[in-house]
Amino acid sequence: AQKITQTQPGMFVQEKEAVTLDCTYDTSDPSYGLFWYKQPSSGEMIFLIYQGSYDQQNATEGRYSLNFQKARKSANLVISASQLGDSAMYFCAMRDRLTGGGNKLTFGTGTQLKVEL
Amino acid sequence: ETGVTQTPRHLVMGMTNKKSLKCEQHLGHNAMYWYKQSAKKPLELMFVYNFKEQTENNSVPSRFSPECPNSSHLFLHLHTLQPEDSALYLCASSQDSYSPTDTQYFGPGTRLTVL
């Protein structure tokens with residue numbers, strides 16, 4: 001079974017600093033996808049960034065970048081120039097195949113990020 | 001309206017009530033999902049629909065009954081729920097559940113409290 005591990009239940013960062021949120025995964029499937037989502041206190045799960053297992057370069061989306069280290073099975077999210085609005089829960093997820101075909105997402109337990117002045 | 005919408009945003013119901021959650025996506029997607037998010041637990045997939053057909057039921061109790069009349073709408077009918085069913089219920093949609101690069105987009109969720 002596929003598994004996602006986020007070992008940091010909570011993180012603090014100063015405004016304008018960069019922060020790295022850790023994610024490790026375990027899978028025997030050579031083809032997989034990794035996602036990061038942000039969940040503010042309002043509840044909505046907001047898609048941030050995607051990395052495919054065969055992608056040669058690390059994914060970037062604005063202030064978000066994914067530090068993908070395939071051999072170590074890690075997919076850490078880096079947020080640069082943190083803003084107060086970045087305070088939220090962050091989830092790492094892996095695309096998982098369903099027995100009946102198709103995909104689902106397997107989520108980690110999340111990291112609560114707090115950005116301070 | 002854009003993206004994925006869910007109504008109601010908050011719902012309080014007794015164990016003998018019957019209620020329904022509604023999800024609508026305005027993204028032209030073909031797959032829709034129900035997830036349950038309980039306190040201090042990872043998100044759990046409940047149901048998957050592809051082109052209106054249910055393709056996954058993740059051992060969900062029968063007191064939860066999904067309905068997908070078309071690719072844009074998804075319902076979750078609730079009846080005789082238990083207090084442990086209190087959670088945030090999230091709907092998601094994606095272009096094609098079978099695609100290796102498929103990305104799911106979520107709605108704001110319905111926060112359900114069962115008394």
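Sequence lines set the chain letters: A, B, ... in the order given, protein chains first and strands last, and positions in each chain run from 1.
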Worksheet entry | Contact leader toward chain B among A/Gly43, A/Gly110, A/Gly52, where contacts are heavy-atom pairs under 4.5 Å | A/Gly43
Discussion item. Would you say B/Met13 ends up clustered with B/Val60 if hydrophobic residues are merged whenever their side chains have heavy atoms under 4.5 Å apart, either directly or through other cluster members?
Written reply: yes
Could you list each N or O donor-acceptor pair linking chain A to chain B at a distance under 3.5 Å?
| residue | atom | partner | partner atom | Å |
| --- | --- | --- | --- | --- |
| A/Tyr37 | OH | B/Gln104 | O | 2.6 |
| A/Gln39 | OE1 | B/Gln37 | NE2 | 3.0 |
| A/Gln39 | NE2 | B/Gln37 | OE1 | 2.8 |
| A/Ser42 | O | B/Arg9 | NH2 | 3.4 |
| A/Arg95 | NE | B/Pro100 | O | 3.1 |
| A/Arg95 | NH1 | B/Pro100 | O | 2.2 |
| A/Arg95 | NH2 | B/Pro100 | O | 2.5 |
| A/Asn103 | N | B/Ser97 | O | 2.8 |
| A/Asn103 | N | B/Ser97 | OG | 3.1 |
| A/Asn103 | O | B/Ser97 | OG | 3.4 |
| A/Asn103 | ND2 | B/Ser97 | O | 2.6 |
| A/Asn103 | ND2 | B/Ser99 | O | 2.9 |
| A/Leu105 | N | B/Tyr35 | OH | 3.4 |

Worksheet item: In terms of hydrophobic clustering (I, L, V, M, F, W, Y; side-chain heavy atoms under 4.5 Å; direct or indirect links), are A/Met89 and A/Val13 co-clustered?
Response: no
Worksheet item: Remaining members of A/Val78's ILVMFWY cluster at a side-chain heavy-atom cut-off under 4.5 Å?
Response: none
Practice prompt. Following the transitive rule for hydrophobic clusters with a side-chain heavy-atom cut-off under 4.5 Å over Ile, Leu, Val, Met, Phe, Trp and Tyr, establish whether A/Leu105 and A/Leu48 coincide in one cluster.
Written response: no
Item to complete: Could you state whether B/Leu21 and B/Leu74 fall into the same hydrophobic cluster, counting links through intermediate Ile, Leu, Val, Met, Phe, Trp or Tyr residues with side-chain heavy atoms under 4.5 angstrom apart?
Response: yes
Response to the item:
Looking only at heavy atoms, the pair that brings A/Gly108 and B/Pro42 closest together is O-CB, 3.9 Å
Worksheet item: Can A/Met94 be reached from B/Leu90 by stepping across I, L, V, M, F, W or Y side chains whose heavy atoms are under 4.5 Å apart?
Response: no
